[in-house]
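Lettering follows sequence order; numbering is per chain, from 1.
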Amino acid sequence: MNNTLIENVDLKPSWFAMRVQLIKVWVYKNFCVLGDIIFFLKKSIQLFFTKPSRFPDFIQQLEFIGNKSVLIILLTGSFTGLALSYQIYMGFKLVNATNLVGPTVALGIFKELAPVLTGLIVAARAGGAMAAQLGTMRVSEQIDALEVMGVDPVQYLVSPRVVAAFIAMPMLCAIFDFIAIYSAEILCVNVLNLDAAIFWDKINLWLKPRSVAEGLIKSAFFGLNFAIISTHAGFYARGGARGVGRATNKGVVNSMVMIIILNFFISNIIRVYFSVVD
Amino acid sequence: METQAPIAIDIKGLKKSFDNGKSFVLKGMDLEIPKGMITVIIGFSGTGKSVLLKHILGLHQPTDGSIHVLGRELKNMNREEIIALRKKMGVLFQHAALFDDMTVLENACFPLKEHRPDLSKKQREDMAFHKLKISGLDPEHYSKMPSELSGGMKKRVGLARALALDPDILLYDEPTTGLDPILTEMVDDLINRTHRSHEGSTSVVVSHDLHAAFRIGDNIVMLDKGKVLFQGTPDDFLNAELDLVKRFVDKGMGRKK
């Protein structure tokens, strides 16, 4: 009788149970990767301050991440300022509030758009290059060669990139702020016939230094985020050219997604911090 | 082989698994590599030659067993000690692993730049020039990037870089793979010459080229299924009665049964 009962039990897991199991495995795997990235970040920052100094490499990376991104930041910043100010003008015109176009554009740019767009653009440009370069070095045994020559590859390759991204990003974000707000002013004053004095006066009234600081702080963390995710993806790439492609893809996509997610959390942390300080 | 020479690398009971013990690439390997000789490690593909080399270099951690290099156990070393040991080892990788964003001269200078900050740039370059010359590379190539070099030239630069710090142990990972017979012979001669010109140095060559093993080896080690199947002189190897060794010799030397 017992045997009959056992035979009748359906041991095959249900479709739902299998999906739940797959999600569990996916979450567990990604938590492990996240933990690994956090340790990688800790190690890279620690090693930056240990001898031998990697200052020349840091300057080189600062030039690559910072200087070489300026043109693209100027281009995207100016068109973001133009498009945003035009849309806000058109909306505010309906309710006769065009004198608030300046501060609305400024707050949107300084607090949200500049750090996020700078982060996304530089993550795609510099982060992609970092993942591809380190991935190529991994699959062509150059990282192994560094290691066997007694050179710590994390200190040599990762630390300068991570610290340079942390320093360069607020500067790029400031350039984005500057060009976007001046582009908005040019459009509003010269094309849409708003008064320049009112435009700037209202910005002075509504835009606090802490709003500017919030954007710059966020961009520094976005720099840290894309540099560590991209270098981690490249550093542990495997499997030849396809592996390098996968690492680059993973580095760029994960960096961008994390920028959007982090933006929400960091904004709230900063807001809570300022309200506590107040 | 009863080795009288002192031991450079001593491996005992080395096991390595990459899947938490489900399967083992190295299955309790015991191996002594004598000082001052060229030891050639041969074996069929997938027998663990490259994994063994990476253990000697400290790039892989053993699952079980011990590795002593120049009398020191790798497992118990901290970061500084590992770095100090690696300065005494030079490696020529299978595809040379040159840094593709540096010129030939910068590649050869790199270990000196990292570990000899006491030297001026001029002194470092002079030393790198010397090593490149020993490796047989003409000065007209020194300012070229690795992408502009042929396979044989890359190996020469890789060798010059490996020799930069005058290491006690030189390791070669499949140095002749993918090269034509003339270049293969040239690289073998280079290994031989380099070894003889660095008195007391130990060379370990991982290869599956039996001709090369006989040309350069003082000591031949054959691996099979993660263990040492045979260790001895080239003559011992030729006369070995083991079935697998005979098959390897027959196939490797192109001898008909």
**Prompt:** Can you find a pair of side-chain heavy atoms, one from A:L47 and one from A:T50, that are under 4.5 Å apart?
**Reply:** yes
>> Could you check whether A:R161 makes a cation-pi contact with A:F226, meaning its NZ or CZ is under 6.0 Å from the centre of the six-membered ring and within 45° of the ring axis?
In response: no
**Q.** Electrostatic pair B:D64-B:K16, nearest N-O below 4.0 angstrom
**A.** no
Scanning both residues in full, the closest heavy-atom pair of B:V206 with B:K49 reads CG1-CB, 3.5 Å
*Could B:K54 and A:D144 be called an ion pair, given the rule that one side-chain N must be under 4.0 Å from one carboxylate O?*
yes
Ordered numerically, the heavy-atom neighbours of chain A under 4.5 Å found in residues 84-100 of chain B are B:R86, B:M89, B:V91, B:F93, B:Q94, B:H95, B:A97, B:L98, B:F99, B:D100
Is it true that the NZ or CZ of A:R138 lies under 6.0 Å from the centre of A:F235's six-membered ring and within 45 degrees of the ring axis? yes
